[in-house]
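In what follows, a single structure is set out as structure tokens and then discussed.
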Amino acid sequence: MEYLILGCGSAAMGAVRSILDIDNTAKITMVSHEFDPFYIKPAMIDFITSDLGKDRLIQKKTDIFPEESVNVVTGKRAIDILSSENMVVFSDRSTMKYSCLLIATGSKPIEHPALCKFSGHIFYINKFVDAQKFQKKAKTVKKALVVGRGIVGLEAVRALHKLGVETTYCVKSNMLWNLDVDGVDVDNIKKKLISEGINLYSDADILDILEPDENHYRVIMSDKQNFSYEMIVSALGLEPNMPFGAINSIAADRGILVGEDMRTNIPNIFAAGDCARVLDFKRGGYRINFGWLSAGSQGEIAGKNMAGHEDFYIPQDDDSFFLKLYGKKILERW
Ligand SMILES: Cc1cc2nc3c(=O)[nH]c(=O)nc-3n(C[C@H](O)[C@H](O)[C@H](O)COP(=O)(O)OP(=O)(O)OC[C@H]3O[C@@H](n4cnc5c(N)ncnc54)[C@H](O)[C@@H]3O)c2cc1C
């Protein structure tokens, strides 16, 4: 059986582990548009703050999958899936055939309308190269603005703060933290940020950004104030990343729709991790489960089913991103 896996993150690695356990004749190809694809994404912040070196963050394929049956292709971006031909199309116009396909392409940052037109100047933290660029820039600036929400915003603020950058966090009050997690609520996050000296800017949005010179940005706020920063970070959270064109036979609606077996509406195509919305038969409807651990478990189920088993992802009440967070608890990281 020829398995093609788009992605090398948590979901993809989970799937490969399961396939190899079941099918020792498997031929697996993993493809990533990144050049150093094997790393634990939540640990990128520790790389930015220099608490974790590149050699410890990035793993080699041979450390993870010594088996020769796993072929890893890096620096290749999938742009379309032609399901009627069992074929994936890449941005270099090459194609790959599959018997069974897993889409594990993760998520992408949500864009802010005022920041979009500046995207070349704005810093994100979604891939390892983003973390490298972020780190390099943060080491050269004194004042930065993070426009964000939720965990990604908070982690961006933490990274800058640890690097000694005076940081303003522009976040709508109701977006600072809106999940029900033991011991973590808006008040104690607010207290933490204030005690660490973060400038919280909660009640206005960004209208525009102007560039007085190549090192400064003038940010115009909706409350008529304006401020200067040397670095702007967009950390507004994540949305599923789906590498196929608008007209495609794979069912999607703000994420690739899959059943509890991680199968899409096309029998030999599966999806898992941040790119997928999984049927929640307990509560009804489809759910996104952002998070390193849930992506890994979904990938494992997908891998088993790709290799011919019949297994189901059973969403637990506590398996959402925030309750099963990979790494230290959110306020204990500072
Ligand atoms: C800043 C930040 C902090 C986080 N902190 C935490 C945390 O503390 N705890 C936690 O549990 N989770 C955290 N997360 C979320 C967690 O990292 C993700 O939920 C998890 O990585 C999802 O795994 P995945 O396999 O679905 O996707 P990813 O790990 O994102 O992997 C996606 C893979 O697909 C590849 N890819 C994407 N598009 C294409 C394409 N078109 N063609 C080819 N390859 C492609 C990428 O190169 C990558 O290899 C954090 C995320 C971020 C960004």
Side-chain angles (χ1 to χ4, degrees), residues 4-16 29-49 58 61 72-81 88-92 94 96 101-110 123-131 134 146 148 150-159 181 184 233-245 255-256 262 271-278 288-300 302 319-333:
L4 179 57
I5 297 184
L6 300 180
C8 290
S10 180
M13 290 195 279
V16 174
T29 302
M30 302 175 85
V31 183
S32 169
H33 64 72
E34 294 179 71
F35 288 91
D36 286 310
F38 293 115
Y39 57 92
I40 294 175
K41 197 167 263 196
M44 278 189 308
I45 305 297
D46 295 336
F47 165 77
I48 293 175
T49 60
I58 303 283
K61 177 226 148 183
V72 178
V73 181
T74 60
K76 212 169 175 64
R77 190 192 303 278
I79 55 168
D80 212 350
I81 296 164
V88 175
V89 182
F90 297 92
S91 60
D92 58 5
S94 63
M96 277 188 200
L101 174 70
L102 173 67
I103 310 170
T105 46
S107 46
K108 58 181 183 185
I110 294 172
F123 291 81
Y124 299 85
I125 334 176
N126 195 43
K127 310 185 286 291
F128 176 61
V129 282
D130 298 335
F134 186 117
V146 176
I151 188 168
V152 182
L154 218 49
E155 285 290 85
V157 171
R158 181 170 72 91
V181 178
V184 184
V233 178
S234 178
L236 285 158
L238 307 167
E239 61 187 359
N241 176 30
M242 297 181 283
F244 45 75
I256 301 165
M262 314 310 297
D274 284 8
C275 65
R277 280 181 73 205
V278 187
I288 294 177
N289 279 288
F290 287 140
W292 184 262
L293 296 174
S294 57
S297 338
Q298 289 182 5
E300 281 172 13
D319 74 350
S320 80
F321 179 34
F322 293 91
L323 294 178
K324 266 199 190 165
L325 202 58
Y326 177 89
K328 275 193 198 166
K329 287 189 177 155
I330 199 75
L331 290 177
E332 289 168 12
R333 299 177 180 188

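Both counts, for ligands and for their atoms, begin at 1 and track the order of listing.
In summary, the atoms of ligand 1 found under 4.0 Å from a heavy atom of Cys8, numbered by their order in the structure, are 33 (C), 48 (C), 49 (O). Close contacts of ligand 1 with Gly7, meaning ligand atoms under 4.0 Å from a residue heavy atom, involve 33 (C), 34 (O), 35 (C), 49 (O). Residue Asn126 has at least one heavy-atom neighbour below 4.0 Å for each of these atoms of ligand 1: 53 (C). The contact set between ligand 1 and Ile125, taken as ligand atoms under 4.0 Å from a residue heavy atom, comprises 1 (C), 53 (C). Near Ala11, meaning under 4.0 Å from one of its heavy atoms, ligand 1 places the atoms 25 (O). In the vicinity of Asn241, heavy-atom distances shorter than 4.0 Å reach the ligand 1 atoms 37 (C), 38 (N). For ligand 1, the atoms sitting less than 4.0 Å from at least one non-hydrogen atom of Gly273 are 26 (O), numbered in the order shown with element in parentheses.
Assignment of Lys76 to the shell around ligand 1 is supported, since a heavy atom sits closer than 4.0 Å.
Of the candidates Glu34, Arg77, Arg333, Met242, the one placing a heavy atom closest to atom 48 (C) of ligand 1 is Glu34. Nearest-heavy-atom check against atom 33 (C) of ligand 1 across Gly106, Gly296, Pro240, Ala104 picks out Ala104.
Checking only distances, Val152 never comes within under 3.5 Å of ligand 1, N or O to N or O. Backbone and side-chain nitrogen or oxygen atoms of Lys41 are examined, and one is located within less than 3.5 angstrom of a nitrogen or oxygen of ligand 1.
Taking the side chain as every heavy atom from C-beta outward, Lys108 and Asp274 never approach each other to under 4.5 Å. Contact check for Leu6 versus Phe90: side-chain heavy atoms found under the 4.5 Å cut-off. Lys61 has its side chain out of reach of Thr74: every pair of non-hydrogen atoms, C-beta onward, lies at least 4.5 Å apart. In this structure, Val129 and Glu34 have side chains that are not in contact, with every pair of non-hydrogen atoms separated by 4.5 Å or more.
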Apply side chain to side chain contact (heavy atoms under 4.5 Å, CB included) to the pair Phe290 and Ile151, showing each step before the final yes or no. CA-CA 11 Å; Phe290 287 140; Ile151 188 168; over 6 Å; no
Hey, mind stepping through Asp130 and Met44 against side chain to side chain contact (heavy atoms under 4.5 Å, CB included) and telling me if it holds? CA-CA 9 Å; Asp130 298 335; Met44 278 189 308; 5.9 Å; no
Full working for side chain to side chain contact (heavy atoms under 4.5 Å, CB included) between Ile103 and Ile81: CA-CA 10 Å; Ile103 310 170; Ile81 296 164; 3.6 Å; yes
I would like to know whether Phe47 and Ile40 meet side chain to side chain contact (heavy atoms under 4.5 Å, CB included); could you show each step before the answer? CA-CA 11 Å; Phe47 165 77; Ile40 294 175; over 6 Å; no
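Heavy atoms of Met13 found under 4.0 angstrom from ligand 1: none, in either backbone or side chain. With a 4.0 Å cut-off on non-hydrogen atoms, Ser294 does not touch ligand 1 at all. Of all the heavy atoms of Val31, the ones lying under 4.0 Å from any atom of ligand 1 belong exclusively to the backbone. Within the 4.0 Å heavy-atom criterion, the part of Ala295 lying near ligand 1 is the side chain and not the backbone. By the criterion of a heavy-atom distance under 4.0 Å, the side chain of Pro243, and not its backbone, is placed next to ligand 1.
When all heavy atoms are compared, the tightest approach of Ser107 to Asn126 is O-ND2, 3.0 Å.
Checking Lys76 against Ser94 by side-chain atom types alone, a donor-acceptor pair falls below 3.5 Å.
Note: Tyr39 and Phe128 have tilted aromatic rings, judged against thresholds of 30 and 60 degrees for the angle between ring planes.
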